[in-house]
Amino acid sequence: MSDHTLARPAAAAAPGDPAARPWWRDAVIYQVYVRSFAAGPGQPAVAGAGNLAGVRSRLRYLADLGVDAVWFNPWYPSPMADAGYDVADYRAIEPSFGTLDEAEKLIAEAHELGIRIILDVVPNHGSDAQPWFTAALAAAPGSPERDRFIFRPGRGPDGDRPPNNWESEFGGPAWTRVPGPGGEPGEWYLHLFTPEQPDFNWGNADVRAEFEDVLRFWFDRGVDGFRIDSAVLLAKDPAMADFDPDAGVHPFVDRDEVHAVYRAWRSIADGYPGDRVLIGEVWLPDVERTTRYLHPGELQTVFNFDFLRCPWDAAELRQVIEATLASHTRVDAPATWVLSNHDVIRNVTRYGRADTSFDRPGYRIGEPTDLVLGTRRARAAALLSLSLPGTAYIYQGEELGLWEVEDLADEDRQDPMWQRSGRQHLGRDGCRVPLPWSGRRPPFGFTDGEAPTWLPQPSSWAGLTVEAESADPASMLSLYRYALQVRHAQPAFTVDSFAWRPAPAEVLCFRRGADVTVMINLSDRPVELPTHEEILAASQPVIRGGSLPPDTGVWLRTRPR
Ligand code: NOJ
């Protein structure tokens, strides 16, 4: 086992002592999308894409930002049919990103800087380039090789209709037919995403053993946890019945059998020192079903998609915060606060629209957007998400105030959603454009030289580079750096206590710990601040005389209760 594990100090902690609190209860986790984070200095970037050398060269940036952990989107070898969520080998590194040796060095270097490492594990489906799938195609129907995936005969006399009516997440049927042994049309296999992402059969013992071994492989290398992709989809109805919206149980979403998988995974994680964490991508409409994944002995946290989806509206945010805290308290799990990720429209853009409600990526592209207003609200939202009890996530570029790149040329779009939807939905490329680091023109220091990035950056990002924002105390980056410093310094942010304080309807106001009060003004007029001793952080200057402007957030030190 690696000696790079970043473990808590071994000293015994008394109950209630903050040292006894696992790190993942209050961590700030930064999401790195390797392809778009940074390219290594002095290396030709493969097709203008980022790599592990780039991440290593920017670890100091992450440490200075003040994050506790980094979650990497899949970094494994992949034909990139779905940007790495089609994994060809779970125990290696995508060659255009680097090598396993570099990944091990990266883990060690991050740990030295006090940053933990979370990997993305993709258990619902693999890549069609994976040796198991190649072997399954070469094997006969009914063979053990095919049983690791979900192969079925088609319907109809010639078997030329898919086995059931399930649809792929990206459009079209969730089944693809493969040739039989003599080249004649044969069985169909299931893929809830693209045809290049065949679903595994979680009823198969090889599959369960394989993933348990994959977890150990990376835990042995010092990794601190996993984000579990499509965590609610693994178990399928063995009868493969048609999806019927009126039936009580869904044939593949959130079936009870899936919980046994996570109980097994949790006992593996708990077998390692240093509080390893399992984070579920659990996107369900029902909060009670969601928190079942957080029962003792299962996952420690899940992403809060209700918060991510919430419009810029005080009543709706209050309701989401209350429901989240109530449901998580019941199972003693920390809440998480997520404003954006690699699958959704950047929040600066959404908050700058007349209708700030959630939008599937690429659906409402081109709606008029006031980026100044969106940025102002995103600054206030940062102070909101970083002040609520639990774990906060920052998707790379959020700390720079990047907006969605809505005007990519059609030929530049790479998200399978674009092609699979018959070019109806533009897809998620607009939130995946490489980060601007320095200089006045693309590629903004992302790669050495002038080579364009794999998705072109807008030249209007010149003021949003890390270099430009570092020199500007009023920038989004300066706000994030400062807020994270304050969050780490104030014990009130690492306790569970949270209480609403009286405030006008369009204002959120709550107390954290004994002496911190947070106020977020979502109304269109200034509101008076509560009596306070000190302003700890503000997303805009507070009005002389003590009132908070519209679309502004503030952290106050208030008199201890
Ligand atoms: C969720 C991931 O976040 C998304 O990017 C991916 O396309 C699907 N799962 C399929 O793996």
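Atoms within each ligand, like the ligands themselves, are counted from 1 in listed order. Side-chain atoms are counted along with the backbone in the values below, which use heavy atoms only and exclude waters and symmetry mates. Quick note: residue numbers are just sequence positions, from 1.
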Could you list the donor-acceptor pairs under 3.5 angstrom formed by side chains in residues 388-395, with sequence neighbours left out?
unit_1: T391; atom_1: OG1; unit_2: W24; atom_2: O; d: 2.8
unit_1: Y395; atom_1: OH; unit_2: C431; atom_2: O; d: 2.7

Set of residues satisfying side chain to side chain donor-acceptor pair (under 3.5 Å) with respect to N164, sequence neighbours excluded: W175

Any side-chain donor near an acceptor of the partner, S36 and W454, under 3.5 Å: yes

R35 to Y33, cation-pi by 6.0 Å centre distance and 45° axis angle: no

For S421 against Q424, the heavy-atom pair lying closest together: O-CG, 3.0 Å

Exercise answer: donor-acceptor pairs, residues 296-311 side-chain atoms, under 3.5 Å, sequence neighbours excluded:
unit_1: E298; atom_1: OE1; unit_2: H259; atom_2: ND1; d: 2.8
unit_1: E298; atom_1: OE2; unit_2: H259; atom_2: ND1; d: 3.1
unit_1: E298; atom_1: OE2; unit_2: R263; atom_2: NH1; d: 3.4
unit_1: Q300; atom_1: OE1; unit_2: L278; atom_2: N; d: 2.8
unit_1: Q300; atom_1: NE2; unit_2: R276; atom_2: O; d: 2.8
unit_1: N304; atom_1: OD1; unit_2: D306; atom_2: N; d: 3.3
unit_1: N304; atom_1: OD1; unit_2: F307; atom_2: N; d: 3.1
unit_1: N304; atom_1: ND2; unit_2: T324; atom_2: OG1; d: 3.2
unit_1: N304; atom_1: ND2; unit_2: T336; atom_2: O; d: 3.1

Neighbour list for ligand 1 [protein residues, heavy atom under 4.0 Å]: D82, Y85, H125, F170, F193, R227, D229, S230, E281, H342, D343, R428, R432

